[in-house]
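Chain letters run A, B, ... following the sequence lines, proteins first and then strands; every chain starts at 1. What you are looking at is a predicted structure, and each value in this text was computed from that prediction instead of being measured.
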There are 2 protein chains.
Amino acid sequence: MSLHKDHITIYDIARRAGVSAATVSRVLNKHFNVSTETRERVEKIIQEQHYEPNEIARTLHNRLSRTIGLLVQSLNNPFFVKICNEAEEYCDNIGYTLLIGITSNDFQKESKLLNTFLKKQVDGFILLGGRANEFHPDKEMIAEMDLMSKHVPIVFINGGVGFKNCFVVNTDEAMAFDSIMKYLFSCGHKKIGLITGQRNLWTTDEKVRIYKENLKKNRYGLQEDWIVSGEYTIESGEQCMNKILSRKKLPTAVACTNDILAIGAMRAVLHKGLKIPEDVSITGFDDIFMAAEFIPPLTTIRQNYSLLAAHAVRTIIDYIEGKEIEKKIIIKAELIVRDSCASPRN
Amino acid sequence: MSLHKDHITIYDIARRAGVSAATVSRVLNKHFNVSTETRERVEKIIQEQHYEPNEIARTLHNRLSRTIGLLVQSLNNPFFVKICNEAEEYCDNIGYTLLIGITSNDFQKESKLLNTFLKKQVDGFILLGGRANEFHPDKEMIAEMDLMSKHVPIVFINGGVGFKNCFVVNTDEAMAFDSIMKYLFSCGHKKIGLITGQRNLWTTDEKVRIYKENLKKNRYGLQEDWIVSGEYTIESGEQCMNKILSRKKLPTAVACTNDILAIGAMRAVLHKGLKIPEDVSITGFDDIFMAAEFIPPLTTIRQNYSLLAAHAVRTIIDYIEGKEIEKKIIIKAELIVRDSCASPRN
DNA sequence: TTGTATGCGTTATCAC
DNA sequence: GTGATAACGCATACAA
């Protein structure tokens, strides 16, 4: 059984138009040196026959697939999905195709997909989560990315520390988390807890750093058992919050390093019969699509998804076109104040 | 600037091994007719050089890309994401690549992606949501799918009514929704409302049909203003429930045609100060990943994601391999009883 | 068992 | 302005 039957080639068009394949190709690629007369004749036949050039053959010849590979850790996190959507749209607008690979945060699968996609001649990679996020990538991983980047450009979104030959497009997470801390201070909170996902991730450790920095600067004292780390799931957020709620002294506010954790944290608080924000204020990070739907709606940070995605894609295109490009692009985020924070009770 | 520099071809390997490219090709494709001696020599060099055959060239020659295109309506619905994940994994296991396209429920974008992917020589399409779900697809759409299916096989997941030359893998939504109704009856509910997403969708209208059928059969009477339709968003679910709650007579239970709507419905109920399930029982459909995390955890239907995805992919592979295949595969779903339903108050 | 020649569909380089 | 031809990298039919 053979696929793609009855497909029309450039030769079919050429024959019908009484010209050579070369001329048809020139028409397709909008070259000047073809007379208006033949151009129109060829174009008419192309339309009639619904002819579409074979991208595979083009790719083989041009060594350009007009396809970008996006390796994403998971589609369960709405934040990642947002980036995928934006990247896809941006690609689509410029005639590119986005090839999405799901890595499940498995480094082996990442390697496999990297190779599979490379064999398919993608013009570049965007990495989102997974190894991109490693705070201390090991030598092997660095070597692999190094080798890969000899073939095609690689862009990390929110990460990429330590990969010298790669490009980076990052949200200014430090400044964003700083604005959360400042906001909590401005509400009057001095006793602030922190719930994080996995440590040794860029996304996590930066926030921990800012958290500690802020408390020290304000001399509010750092209570180590108010910092609880788990992983980025709802269940884990719940468990972490339960741990905090079991302390003798309780904080009046708890910051979470993403919204998913915040969902879990809120659940735990409500289960104890406590109220948000009256008894404890909660903050998140990412502004996932349901953050506004929580009860109460969550105060969080909205990353500039479309800019992140656009710059990532743009970086690859510019690289291909031989343009000057920045190694590192930092993008501002925005504090979204909703109802999950209030002043602490006396 | 040129991409994919320094890449090794089958000729490089051939030269190094002192054989012809044909022999290398035979080694790569595990043909018998090559002596153990040369096979080992060639394999050694392939390893040393980290040679990987160019999939684009292979595709051009074989007319098989070992790539399947999955057109999905949106990645914001966790149900769709589940299917994507399962399909990706299944493809990966059999050496295929899944090309995911996001259609945003826009028929034009669907057409565009269909063509883009076809030009990239995908070996088949899986359609999820979007036009697949149309209860009454128009002539134009049918014609397009008809034409497309002359080139490559097309499989619809949960839909595909009216597309004669396409394949279908569906959850038995009718039976599943029937089990929800029966369950509510068994709890003692006789006054049951219904919240749906867009009408004229396969996914919606089947459930409405079953809903009405059940009420009639039990002679509980059909209260038309307990049936409210919106779209498949949280906000819409909330609005629909608010409408129901504004009626003079209230139902004791409300079934929602998916979990997203149920989230919104629950929000509305809680906002009115009512309790779930004491004051009103709620059911969903899909068992999205947070359904167990709602307050209270949602009683819903779990579709067999992995079977749906596996059969969809399998259908395409079998078609390519010229095997006998079923036009229509129906897969059972499972009622997941949690805490969002109880017996009605007297 | 192995090598040669050819084609897959397109584009670029030459000629004319 | 247009056409023949080679090349992209691989795999097959055929020859040896």
Side-chain angles (χ1 to χ4, degrees), chain A residues 2-43 45-46 49-67 95 118-123 151, chain B residues 2-43 45-46 49-66 118-123 151:
Chain A
S2 93
L3 246 34
H4 300 280
K5 298 173 277 200
D6 312 323
H7 62 290
I8 304 165
T9 76
I10 203 169
Y11 280 97
D12 297 320
I13 303 299
R15 190 164 14 83
R16 282 194 143 87
V19 296
S20 76
T23 299
V24 178
S25 177
R26 282 190 272 261
V27 171
L28 286 171
N29 296 288
K30 309 206 186 303
H31 289 192
F32 314 107
N33 42 359
V34 47
S35 75
T36 323
E37 186 194 12
T38 52
R39 148 161 293 121
E40 282 169 357
R41 183 152 38 96
V42 170
E43 276 172 346
I45 296 184
I46 288 177
Q49 302 293 318
H50 299 106
Y51 165 72
E52 299 270 12
N54 181 329
E55 284 293 331
I56 296 294
R58 278 189 159 167
T59 299
L60 182 60
H61 183 275
N62 297 337
R63 295 149 161 279
L64 263 192
S65 61
R66 290 197 298 180
T67 301
L118 192 68
K119 285 196 277 187
K120 285 193 183 295
Q121 305 261 114
V122 296
D123 297 342
H151 298 295
Chain B
S2 93
L3 247 33
H4 301 281
K5 299 174 275 199
D6 313 324
H7 62 291
I8 305 164
T9 76
I10 202 170
Y11 283 98
D12 297 320
I13 303 298
R15 189 163 13 83
R16 281 193 144 86
V19 296
S20 77
T23 299
V24 178
S25 176
R26 283 189 273 260
V27 172
L28 285 171
N29 296 287
K30 309 208 183 306
H31 289 193
F32 309 107
N33 44 357
V34 47
S35 75
T36 323
E37 185 194 13
T38 52
R39 147 160 293 117
E40 282 168 356
R41 183 153 37 94
V42 170
E43 275 171 345
I45 296 185
I46 287 178
Q49 302 293 319
H50 300 104
Y51 166 71
E52 300 269 12
N54 180 329
E55 283 293 330
I56 295 294
R58 277 190 159 167
T59 298
L60 183 59
H61 183 274
N62 298 335
R63 295 151 158 281
L64 264 191
S65 60
R66 291 197 295 179
L118 192 68
K119 285 197 279 187
K120 286 193 182 296
Q121 305 263 114
V122 296
D123 296 343
H151 298 293

Does some side-chain heavy atom of B:Ile13 sit less than 4.5 Å from a side-chain heavy atom of B:Leu28? no

Bend across the helix from C:dT1-D:dA16 to C:dC16-D:dG1, to 10°, with axes taken over 5 pairs at each end? 50°

Checking A:Val19, A:Ile46, A:Thr23, A:Thr36 against A:Arg41 for side-chain contact (heavy atoms from CB on, under 4.5 Å), the one that qualifies is A:Val19

Pairing residues for B:Glu43 by the side-chain contact (heavy atoms from CB on, under 4.5 Å) criterion, not counting sequence neighbours: B:Val27, B:Arg39

So, the side chain of A:Asn54 versus the backbone of A:Ile56: is there a donor-acceptor pair under 3.5 Å, distance only? yes

Taking DNA chain D as the partner, which of residues 12-19 of chain A come within under 4.0 angstrom of it by heavy atom? A:Gly18, A:Val19

Any side-chain heavy atom of B:Glu52 sitting closer than 4.5 Å to one from A:Leu118? no

Distance, nearest 0.5 Å, that separates NE2 of B:His7 from CG of B:Asp12: 8.5 Å

Could you tell me which residues satisfy salt bridge (charged side-chain N to carboxylate O under 4.0 Å, His left out) with A:Arg26, sequence neighbours excluded, listed by chain and number? none

Residues at least two apart in sequence or cross-chain that pass side-chain contact (heavy atoms from CB on, under 4.5 Å) with A:Ser65, listed by chain then number, are A:Thr59, A:Thr67, A:Gln121, A:Asp123

For DNA chain C, find the residues of residues 32-40 of chain A with a heavy-atom distance under 4.0 Å and give them by number; none if there aren't any. none

Please step through side-chain contact (heavy atoms from CB on, under 4.5 Å) for the pair B:Arg66 and B:Arg58, ending with a clear verdict. CA-CA 10 Å; B:Arg66 291 197 295 179; B:Arg58 277 190 159 167; 3.7 Å; yes

Start and end of chain A contact along DNA chain D [non-hydrogen atoms, under 4.0 Å]: D:dG1 to D:dG9

In the 5'-to-3' direction, what one-character label does each nucleotide of nucleotides 5-15 of chain C receive under the scheme B = base within less than 4.0 Å of a protein heavy atom, S = sugar-phosphate only, - = no such atom? --BBBBBB---

Can you tell me how far apart CG (A:Leu64) and CD (A:Glu55) are? Round to the nearest 0.5 Å. 10.5 Å

With A:Thr9, which residues qualify under side-chain hydrogen bond (donor to acceptor under 3.5 Å, both in side chains), at least two apart? none

Contacts of B:Arg16 meeting side-chain contact (heavy atoms from CB on, under 4.5 Å) (sequence neighbours excluded), chain-then-number -> B:Ile45, B:Gln49

Among residues at least two apart in sequence or on other chains, which ones pass salt bridge (charged side-chain N to carboxylate O under 4.0 Å, His left out) with A:Glu40? none

For B:His61, which residues count as a side-chain contact (heavy atoms from CB on, under 4.5 Å) partner, sequence neighbours excluded? none

For B:Val34 and B:His31, the nearest pair of non-hydrogen atoms, with its separation, is CG1-O, 3.4 Å

